[in-house]
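Below: one structure, written as C-alpha cells.
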Amino acid sequence: MTANTEAVLREPPRAGDETDTLLGSLERQRRTFAWKCSGLDAAGLRATVGVSSMTLGGLLKHLALVEDDVLSHKLLGNRPAAPWDAVDWDADPGWEWRTAAGDTSEQLLALWEQSVARSRAHLRQVLAEGGPDRLAAADHPGRSSHSLRRLLVDLIEEYARHVGHADPIRESVDGLLGEDPPR
C-alpha cells in the first residue's frame, strides 16, 4: 500500500499506481454520490422522476448494501451485518429499495456512511496484506474467486451507474446540477 492510500484520496492521481487509481476513482464516485444526496429531508430522498420508482433514499440504502456485500461478504467472507442479516432476500429481493421510504434521512445517510467506513477499513486491512491481486474469500462453486481489482472495478461501475441515476432525481428536487461537488 502506498502512502496515498493511507488517507482518503480526493481524486484519482494523474499518474499514480494501480491501487491509488482504483481507490481514487471509487472515492470520487462516493463523494459525488454523497453530494447528490446531501442536505435533503425525507421528502427529497423519496422524490422520483418520471415513471421510475427509484429514489435517492433507495439508492443510499442499496449502495450501503452493495458496500457491505462486496467489501465485507465477498472480499473477506464475513457474514452479513445488520440490517442485512435479518432480511429474507428470496421473499423480498428489493427490500432495501422498498424499505428506504420508511427511514429518515439521518438513518439512511448514517447507514451508508457506516457501510463506507467499514469498506474503507476492510480495504486498508486487505491492502496491508497484499495488493489488488488478492483473491476474494467468497467462492462460487465451480468458479474461481474474483480479485480485489475486479471487485473494485465492479464497485466503481455500480457507483457510476447510480450517480447517473441520482443526477435527474436531485435536479428535480431543488435544481442541483453538476458533475463534481464544490471543493
Side-chain angles (χ1 to χ4, degrees), residues 8 22-23 25-124 136-138 146 148 150-181:
V8 174
L22 288 168
L23 294 179
S25 296
L26 177 57
E27 289 299 337
R28 181 172 191 242
Q29 293 299 324
R30 284 174 173 158
R31 195 172 34 268
T32 303
F33 178 70
W35 174 54
K36 295 292 179 174
C37 296
S38 67
L40 295 176
D41 60 10
L45 291 178
R46 285 195 294 267
T48 61
V49 175
V51 298
S52 175
S53 63
M54 187 176 295
T55 66
L56 292 173
L59 285 168
L60 277 165
K61 202 163 191 177
H62 173 70
L63 286 170
L65 169 63
V66 169
E67 288 273 357
D68 281 337
D69 181 56
V70 172
L71 295 177
S72 181
H73 175 68
K74 287 180 182 173
L75 179 62
L76 297 176
N78 294 336
R79 304 255 327 126
W84 324 120
D85 60 341
V87 178
D88 181 350
W89 294 104
D90 292 329
D92 196 356
W95 178 86
E96 76 276 24
W97 297 99
R98 182 182 56 73
T99 61
D103 296 333
T104 67
S105 55
E106 294 82 12
Q107 289 171 317
L108 291 166
L109 287 166
L111 180 67
W112 178 76
E113 289 169 352
Q114 291 162 4
S115 292
V116 169
R118 278 191 299 276
S119 291
R120 287 179 179 139
H122 295 324
L123 283 170
R124 280 191 300 276
H146 290 97
L148 173 58
R150 169 63 189 272
L151 294 178
L152 287 171
V153 168
D154 288 351
L155 196 54
I156 292 164
E157 179 184 66
E158 182 83 2
Y159 266 98
R161 181 174 44 257
H162 290 318
V163 166
H165 293 135
D167 285 335
I169 300 171
R170 180 59 189 253
E171 183 181 1
S172 77
V173 172
D174 63 5
L176 180 86
L177 294 171
E179 185 176 325
D180 291 308

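Reckoned from all heavy atoms, side chains included, excluding hydrogens, waters and symmetry mates. The shown structure was predicted, so the numbers you read here are calculated from the model rather than taken from an experiment. This chain uses plain numbering: 1 for the first residue, then up along the sequence.
Taking CZ of R118 as the start and CG of N78 as the end, the distance is 10.0 Å to the nearest 0.5 Å. Put simply, CG on L60 and OG1 on T55 are 8.5 Å apart, with the number rounded to the nearest 0.5 Å. Note that CG of L123 is 5.5 Å distant from CG of L152, once rounded to the nearest 0.5 Å. A distance of 6.0 Å separates CZ of R30 from CG of L155, quoted to the nearest 0.5 Å. Between R124 atom CZ and L23 atom CG the span is 10.5 Å, to the nearest 0.5 Å. With rounding to the nearest 0.5 angstrom, the CZ atom of R120 is 11.0 Å from the CG atom of L71.
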Under the side-chain contact (heavy atoms from CB on, under 4.5 Å) rule, what do E179 and T32 come out as? Steps first, then yes or no, please. CA-CA 7 Å; E179 185 176 325; T32 303; over 6 Å; no

Show your working on side-chain contact (heavy atoms from CB on, under 4.5 Å) between V70 and D154 and close with a plain yes or no.
CA-CA 9 Å; V70 172; D154 288 351; 5.9 Å; no

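Side-chain contact, R28 with S25: no donor N or O sits under 3.5 Å from an acceptor N or O. A donor-acceptor pair shorter than 3.5 Å cannot be found between the side chains of E27 and Y159. Side chain to side chain, D68 and S115 meet the donor-acceptor criterion of an N or O pair below 3.5 Å. For the 3.5 Å distance criterion, the side chains of H62 and E158 qualify, holding a donor opposite an acceptor.
Here the shortest heavy-atom pairing between I169 and M54 reads CD1-O, 3.6 Å. The shortest heavy-atom contact between G77 and A137 is N-CB, 3.6 Å. Between E67 and S119, the shortest heavy-atom contact is OE1-OG, 2.6 Å. Contact detail for P93 and D90: the closest heavy-atom pair is CD-O, 3.9 Å. In this structure, V49 and P168 approach most closely via the heavy-atom pair CG2-O, 3.5 Å. Counting all heavy atoms, side chain and backbone alike, A166 lies closest to L56 at CB-CD2, 3.6 Å.
One N or O on the side chain of R170 and one on the backbone of S38 form a donor-acceptor pair closer than 3.5 Å. For H73 (side chain) and R79 (main-chain N/O), no donor-acceptor pair under 3.5 Å exists by modelled atom type.
With a 4.5 Å cut-off on side-chain heavy atoms, P83 and W95 count as touching. In this structure, D103 and L45 have side chains that are not in contact, with every pair of non-hydrogen atoms separated by 4.5 Å or more.
Partner of E96 under the side chain to side chain contact (heavy atoms under 4.5 Å, CB included) criterion, chosen from L63, L59, L65: L65.
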